[in-house]
Amino acid sequence: MPALPKAYIENIANFVDQEVTLQGWLYNKRSSGKIQFLLVRDGSGMIQCVVSRADVSSDAWQAGEALTQESSLEVSGRVRADKRAPGGYELTATDLKVVQIAEEYPITPKEHGVDFLMNNRHLWLRSRRQHAALRVRAEIIHALQEFYDSNGFVRVDTPILTPAACEGTTTLFETDYFGEPAYLSQSGQLYNEATMMAFGRVYCYGPTFRAEKSKTRRHLMEFWMIEPEIAYADLDECMRWEEESVAYVVRRVLQTRAAELEVLERDTSRLQKVAVPFPRISYDEALEILKKAGEEIPWGEDFGGGHETIISEDFEKPVFIHGYPTKAKAFYMQPDPQRPEVTLSVDLIAPEGYGEIIGGGQRIHDLNLLEQRLEEYNLPREPYEWYLDLRRYGSVPHSGYGQGIERTVAWICGLEHVRETIPFPRLLYRMYP
RNA sequence: UCCCCGAUAGCUCAAUGGUAGAGCGGACGGCUGUUAACCGUUAGGUUCGAGGUUCGAGUCCUCGUCGGGGAGCCA
């Protein structure tokens, strides 16, 4: 094979009328007696390569004949703009070399069931829609980090192995730490509050674990969260960081991942409307909306997924719900000084029924109140001594929040289920592959 | 943990209680512009498991296993 420049399909427009070599895999093939249409993907994109029997060596033609779905190959040829091609470009092949002939590939270009696809998740990742969703996921993570990094936040990551519950409510995965019990982190927040006192504005990004037997389209046992924590921020500033970051990310994905959104058949007109400011309603106002929709729930109870959907349908953008009842929220939530029965907490509900994508609020900064809350929630004092220290040495009002990456990806991509937003989802009763 | 639904060829699905089939994928052959290409030939089955009803069960009943959707909980 001649030494031609290597190209990636995402940059193929830069090589029009030049001869290049692509290294990739066969996605699909259509052929007749004298012409082969090879749909080749290389991880960066997909392009159709046209092999004419008259134009290539006999070896190259035979190589094309032998190719099965997902066989790996190197193909050289001239890049050509062609209106008939879905991506706008085609490669007129001059040479073709098989790297490996794939065995009979289980995922055919027809419909498949969820169970089968999940059992073949390691292969399913190559499919067009899965590839697009994970490309968008990568863009979202990149954009979020870029947003915080360029706004004075320092990324300071928190431990995954922890000695005790962060919030004491949810079930934790327990593991053995040289004879001592250790737990997989369900949130970096408490540690974030410590690093925030050192760096002012921080965020952590990493996996979190919930041993809840949740079996819905919005739940994973292992999911990723980005958690900012901001010194001297009140609830209002907290909401402003949330909406600015979310609007930034949506704008960014629309700009750079339009092709992927199209593969996903996402209606982007809904995303175009996601600009600051986001609407803000109180818990009490949310109850009113539910009441009008015929879903009356008693004051003090938290919303279910169905309730969030009803509320989100009243708004075009993500909507803040703030001021949840104290008893419905975690022990560290700062009570509203005007109404101690509610907290300075806030959830951000995504549009179109995608549910809560961010939860957070202002934290208790007063030592005595925090000690009192630990008692009220029946939490042991000793594991929280270091956390109480943060209120002994220069305590300040502060706020923070946690954004669930998979729910954010599901919303922006318009996906039915979070299992398609992460490469290898950990689901209830499913840990393979 | 609870409620609902499902399991038949590698995959997606058909089959009134009466001989288990199609499309895709595989193999072989044909076709010079195909777009989930098309056309012909062909191979491919312990109908999830264990019992039961019946002359006869893929089909009806019981139990179990696995999976899907949802609830609760949450991001």
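All heavy atoms count here, side chains included; hydrogens, waters and symmetry mates do not. Chain letters run A, B, ... following the sequence lines, proteins first and then strands; every chain starts at 1.
No hydrogens or angles were tested; on distance alone, nothing pairs the side chain of A:Thr108 with the base of B:C11 as donor and acceptor under 3.5 Å. The base of B:G33 sits with one of its N or O atoms less than 3.5 Å from a complementary donor or acceptor on the side chain of A:Glu90.
The distance from atom CE of A:Met431 to atom C1' of B:C66 is 17 Å, rounded to the nearest whole Å.
Here B:A36 is the nucleotide among B:A75, B:C74, B:A36 with the atom lying nearest to any side-chain atom of A:Asn28. Here the side chain of A:Gln48 is nearest to one of B:U32, B:A36, B:U34, namely B:U34. Residue A:Asp82 places its side chain closer to B:G33 than to any other of B:G33, B:C74, B:C31. Picking from B:G72, B:U32, B:G33 the nucleotide with the shortest atom distance to the side chain of A:Arg80 gives B:G33. With B:U12, B:G68, B:G67 as the choices, the nucleotide that has an atom nearest any side-chain atom of A:Asp115 turns out to be B:G67. Side-chain proximity of A:Glu104 to the nucleotides B:G67, B:A75, B:G25 is greatest for B:G25. In the set B:C73, B:G72, B:C11, the nucleotide with an atom closest to the side chain of A:Lys213 is B:G72. In this structure, of B:G68, B:C74, B:C31, it is B:C31 that holds the atom nearest to the side chain of A:Ser31.
An OP1 or OP2 oxygen of B:A71 is reached within less than 4.0 angstrom by no side-chain nitrogen or oxygen of A:Lys215. Between A:His417 and B:G69 there is a side-chain polar atom (N or O) within less than 4.0 angstrom of OP1 or OP2. When the side-chain nitrogen and oxygen atoms of A:Arg30 are compared with OP1 and OP2 of B:U34, none of them lie within a distance under 4.0 Å. The side chain of A:Arg128 places no N or O atom within less than 4.0 Å of a non-bridging phosphate oxygen (OP1 or OP2) of B:A36. Applying the 4.0 Å criterion to OP1 and OP2 of B:G69, one finds that A:Arg419 has a side-chain N or O inside that range.
A ring-centre distance under 6.0 Å is found for A:Phe331 and A:Tyr384. Between A:Tyr283 and A:Phe303, a ring centre-to-centre spacing shorter than 6.0 Å is recorded. For A:Trp124 and A:Phe116, the distance between ring centers is not under 6.0 angstrom.
B:A57 and B:U46 have their C1' atoms separated by 15 Å, with the value rounded to a whole Å. With both ends at atom P, the span from B:A7 to B:G49 equals 13 Å, rounded to whole Å.
With a cut-off of 3.5 Å on both pairing distances, the Watson-Crick or G-U wobble partner of B:G23 is B:C11. Across the strands present, B:G40 finds its partner in B:C28; the criterion is a Watson-Crick or G-U wobble pair with both atom distances under 3.5 angstrom. Base pairing analysis places B:C66 opposite B:G6; the two distances defining the Watson-Crick or G-U wobble pair are each below 3.5 Å. B:U46 makes up no base pair with any nucleotide shown, lacking Watson-Crick or G-U wobble contacts both under 3.5 Å.
A side-chain donor from one of A:Glu65 and A:Gln36 sits under 3.5 Å from a side-chain acceptor of the other.
Taking CD of A:Glu104 as the start and CD of A:Gln69 as the end, the distance is 10.0 Å to the nearest 0.5 Å.
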